[in-house]
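Have a look at the structure below before the remarks.
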Amino acid sequence: MRVSTAFNRMLAVPGAWVDGVAFAPTGVVVTIRRRGRRLRCPCGWTTTARYDTTRRRWRHLDMGACRLWLETDIARVACQRCARVRTEEVPWARPRARHTRDFEDVVAWLAQRSDKTTVATLLRCSWEAVDNIVTRVVADHIDERRLDGLYRIGVDEIAYKRHHNYLTIVADHDSGRVVWVEKGKRGKALEGFFEALGPERRDQIEAVTMDLGTTYRDATRRCVPHAVVCFDPFHVIQIANRALDSVFKAAMRFHPSGVGDRDWRRTRVALRTGAEHLDTSQQELVNAFRRGRHRLGRGWELKEGLRDFYRLVEPADARSYLKRWITAALRCRIPAFVNLARQIKRNFEQIVAAVEHGLSNARLEGVMASIRVIQRRGYGFHSVDSLASMVFLCLGGVTVTLPTQR
């Protein structure tokens, strides 16, 4: 069997055949030749006329311990659609790439599961090459179609660097995919997402979940006024726990055992724990406070009543239940819970909507946890675009098929 025939069968380069094989100090150099005569511009326009021709190499998957390169003449075309001279598109590599599609797909598949330094060491390429490959693969898979069919979305922010540098993340509640990543946590970051949706897709948005901040809420009201804003239950219970903490600290300020000891911490944990999760000793502590310290016991009951609003109340009864809870909190004469009741009253519609629609930001919290894993795995990122590409690669629904699986 001829060497060129053997390499043709082993490599199976799409749209080309092997013309020659040479062994160089850098590795195996395989010369290939195009099958078709028509040249294709990256925009899709085709022609047979060449503007000029140059020699180019692409790094391919290693052959054993040897690096393997594909080499051929590549032309530039005077594209009539683009109205400028552009390099032709070849089927075995992405535009402006110096690596083949097979090599880049392996890099992207490994980058979904490992850090870039490990991938670069394994495949014997530079860290910058891995970063550029991830960007190209994401651009090849992520397009405007990811914004189709969205009607229930969640928005949240995450810090990616010190000094209050944040990313705004938008995810689809139904699929769990990240559909938008933008620098900053101001309203403009979310408004950019709604502008990218366009009028027709904006009209399909039915509900948006978020925390209790006003930034995303105001941007949502401006861009999609018909959409229902749902405040995340976790953040509502969080401020209720903070109110209970303030009551607990005031009640235990003159406790003889001192603030900060083991008993103090054990009591605080018992008060924060849900009633259905209390063990015997914790239940005894809570009962003792309910009998001896009425303000603290009343605060615990109000906190549990707010938890029951999310746990036990049916959507049809949500409004009436929350109104009764607000009335009870306003009458309890505990300043922390009076302020809490006023805050809930101001955001009544958004809090009730979360129960009526059965939505929360739990999906977003899972996405944020995954992004933190990506950050720790990469030991930081040199740019926002690099981090955004990794987020889309790992959490944007990108499915990379290995060459061995085709």
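From a predicted model like this one, the values you see are computed outputs, not experimental measurements.
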Q) His99 and Trp69: ring-ring contact (aromatic ring centres under 6.0 Å, His included), yes or no, with the steps? A) CA-CA 9 Å; His99 302 82; Trp69 307 82; 8.0 Å; no
Q.
I need the single residue from Asp156, Asn361, Asp232 that forms a side chain to side chain donor-acceptor pair (under 3.5 Å) with Thr209. Which is it?
A. Asn361
Q) Can you name the one residue among Ser389, Ser386, Ser383 that meets side chain to side chain donor-acceptor pair (under 3.5 Å) with Asp131? A) Ser386
Is it true that atom [atom1] of [X] has more than 12 heavy atoms of other residues, nucleotides or ligands lying nearer than 6.0 Å?
X	atom1	answer
His164	NE2	no
Phe348	CZ	yes
Arg55	CZ	yes

(Q) For Arg94 and Asp105: C-alpha separation, side-chain torsions, deciding distance, then whether salt bridge (Lys or Arg N to Asp or Glu O under 4.0 Å) applies. (A) CA-CA 11 Å; Arg94 293 181 172 89; Asp105 288 344; 3.1 Å; yes
Electrostatic pair [X]-[Y], nearest N-O below 4.0 angstrom:
X	Y	answer
Arg76	Asp52	yes
Asp172	Arg152	no
Arg242	Asp245	no
Arg59	Glu104	no
Asp73	Arg33	no
Glu301	Arg298	yes
Arg57	Glu71	yes

Q: Drop me the distance from Leu244's CG to Leu306's CG, to the nearest 0.5 angstrom.
A: 11.5 Å
Q.
With rounding to the nearest 0.5 angstrom, report the CZ to CG distance, Arg201 to Leu147.
A. 5.0 Å
Using the test side chain to side chain donor-acceptor pair (under 3.5 Å), find all partners of [X] that sit at least two apart in sequence or belong to another chain.
X	result
Arg222	Glu191
Glu349	Arg319
Ser126	none

Q) With Arg342, which residues qualify under side-chain contact (heavy atoms from CB on, under 4.5 Å), at least two apart? A) Leu330, Val338, Asn339, Arg346
(Q) Can you list everything that forms a ring-ring contact (aromatic ring centres under 6.0 Å, His included) with Trp92? Sequence neighbours excluded, please. (A) Trp58
Q | Between Thr118 and Asp115, a side-chain donor and acceptor under 3.5 Å | A | yes
Q: Ignoring hydrogens and angles, state whether a donor on the side chain of Asp102 or Thr100 is under 3.5 Å from an acceptor on the partner side chain.
A: no
Less than 3.5 Å apart, which donor and acceptor atoms pair up between the side chains of residues 391-405 and the rest of the protein, not counting sequence neighbours?
| from | atom 1 | to | atom 2 | distance (Å) |
| --- | --- | --- | --- | --- |
| Gln405 | OE1 | Leu402 | N | 3.4 |

Q) Does Glu128 offer a backbone N or O that forms a donor-acceptor pair with the side chain of Asn132 under 3.5 Å? A) yes
Q | Stepwise side chain to side chain donor-acceptor pair (under 3.5 Å) check, Gln283 with Asp279 | A | CA-CA 6 Å; Gln283 186 66 57; Asp279 57 27; over 6 Å; no
Q) Do Thr168 and Tyr216 pass the side chain to side chain donor-acceptor pair (under 3.5 Å) test, and can you show the C-alpha distance, the side-chain angles, and the key distance before you say yes or no? A) CA-CA 10 Å; Thr168 294; Tyr216 294 141; 2.9 Å; yes
